[in-house]
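Just so you know, these numbers use all the heavy atoms, side chains as well, and skip hydrogens, waters and symmetry mates.
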Amino acid sequence: MGLSPEGVRLLLEGGNALGLDLSPHVPAFSRLYDLLMEANRRVNLTALRTETEVVVKHFLDSLTLLALPLWEGPWRVLDLGTGAGFPGLPLKIVRPELEITLLDATKKKVDFVAEAVAALGLKGAMALWGRAEVLAHDPTHREAYHRVVARAVAPMCVLAELGLPFLALEGAMVAQKGPKVAEELGRLPQALPLLGGRMGEVRRLALPQGGEERHLVVLVKEASTPPRYPRRPGLPEKHPLC
Ligand code: SAH
């Protein structure tokens, strides 16, 4: 079935507003929409159900990442807490040269993401099941990524502990946040030096179609993260560093 003509129009106009020509990618987004709707009938993957919501709040919201000049390279990217594949799948569709690992702690979500990767024929995309607190200590993943992205996963003080250990030196992490970010940012400077991170840019933008406010918070890895971080599963959330 795919996206309706109205859905395609929304995607293309929203893309334009973000400075992107999404027309070559309409078939991939259309297929992803079908996969998401079909899977959502079996298991509860996403609360977004209307076509407009999926296009705007999943596809276009994910692609706001491209407002930052961080994706020009064959980078290794980790999508931490990808859920049903956001922002990682849209990012991979539009920037196929990125090598992307899509990590989530929930098996049914990882199963869906693996199914979507196969159905879309995405090469260099891998679904990974596990907890960030565990995998960040695995030498295959620790300090092994140029970029970490995360949307709607945890407050900044928690996210910094989960994400920075995965970054190689000079790598950058981007947290996608909504309108209320000031309070989370206020406390963050206490935690970053412990983790080898420093504050980068905070980019404020408006989501196309409706203009909801969004923030992209960039953290930069400037020193190796001490081996004691991240702490064991659950602790970063229970006792945040800031
Ligand atoms: N990024 C997606 C999903 C957000 S929901 C989106 O924006 O649509 C948050 C997801 O993060 C959940 O699927 C949850 O399983 C995952 N998550 C939370 N903490 C995690 C951790 N410590 N390790 C791995 N995944 C985690």
Side-chain angles (χ1 to χ4, degrees), residues 45 62 65 68 70 75-88 91 99-114 126-178 180-202 215-242:
L45 280 179
S62 293
L65 282 176
L68 298 172
L70 292 173
W75 306 130
R76 287 188 56 158
V77 181
L78 177 73
D79 183 1
L80 198 169
T82 189
F86 303 100
L91 186 63
E99 189 185 306
I100 187 152
T101 300
L102 304 132
L103 164 67
D104 204 279
T106 305
K107 182 75 163 63
K108 66 174 185 186
K109 295 184 180 177
V110 174
D111 287 346
F112 169 76
V113 172
M126 191 187 68
L128 179 64
W129 178 36
R131 300 248 345 173
E133 294 95 321
V134 175
L135 288 165
H137 290 286
D138 178 335
T140 320
H141 298 288
R142 190 170 186 90
E143 308 209 320
Y145 295 88
H146 302 99
R147 306 284 180 257
V148 172
V149 295
R151 186 184 79 156
V153 175
M156 282 312 304
C157 289
V158 178
L159 208 50
E161 181 173 354
L162 297 179
L164 283 166
F166 286 103
L167 278 182
L169 288 185
E170 303 300 321
M173 169 169 168
V174 186
Q176 297 189 267
K177 294 282 173 182
K180 292 173 292 194
V181 75
E183 197 214 336
E184 287 183 39
L185 291 180
R187 299 192 309 270
L188 198 53
Q190 290 168 245
L192 293 182
L194 298 172
L195 300 163
R198 71 168 164 81
M199 204 55 213
E201 177 185 2
V202 179
H215 292 89
L216 303 174
V217 179
V218 182
L219 306 182
V220 179
K221 178 87 165 226
E222 64 173 5
S224 198
T225 305
R228 63 180 298 243
Y229 299 113
R231 292 166 292 163
R232 59 184 174 74
L235 270 187
E237 196 183 354
K238 202 165 169 217
H239 300 291
L241 292 174
C242 53

How would you list, by chain and number, every residue that makes a side-chain hydrogen bond (donor to acceptor under 3.5 Å, both in side chains) with K107, sequence neighbours excluded?
D111
Interatomic distance, CG@L103 vs CZ@F166, rounded to 0.5 Å, equals 6.0 Å
When rounded to the nearest 0.5 Å, the distance separating OG1 of T82 from CG of L102 is 4.5 Å
Could you tell me whether the side chain of L78 reaches within less than 4.5 Å of the side chain of H141, counting heavy atoms only?
no
Sequence neighbours excluded - salt bridge (charged side-chain N to carboxylate O under 4.0 Å, His left out) pairs with any residue from residues 222-234:
E161-R231, R198-E222
Rounding to 0.5 Å, atoms CG (D79) and CG (L91) come to a distance of 8.0 Å
Check: Y229 and L241 side chains under 4.5 Å, non-hydrogen atoms:
yes
Can you list every pair that meets side chain to side chain donor-acceptor pair (under 3.5 Å) and has a residue in residues 181-190, with sequence neighbours left out?
K177-E184, E183-R187
Just jot down the side-chain hydrogen bond (donor to acceptor under 3.5 Å, both in side chains) partners of H146, sequence neighbours excluded, or say none.
none
Using side-chain contact (heavy atoms from CB on, under 4.5 Å) as the criterion, list what pairs up with P233, not counting sequence neighbours.
R131, E133, V134
Find out whether I100 and M126 are in side-chain contact, i.e. whether some heavy atom of one side chain is under 4.5 Å from a heavy atom of the other.
no
Mind jotting down which residue pairs meet the salt bridge (charged side-chain N to carboxylate O under 4.0 Å, His left out) criterion with at least one end in residues 135-147? Sequence neighbours excluded, please.
E143-K221
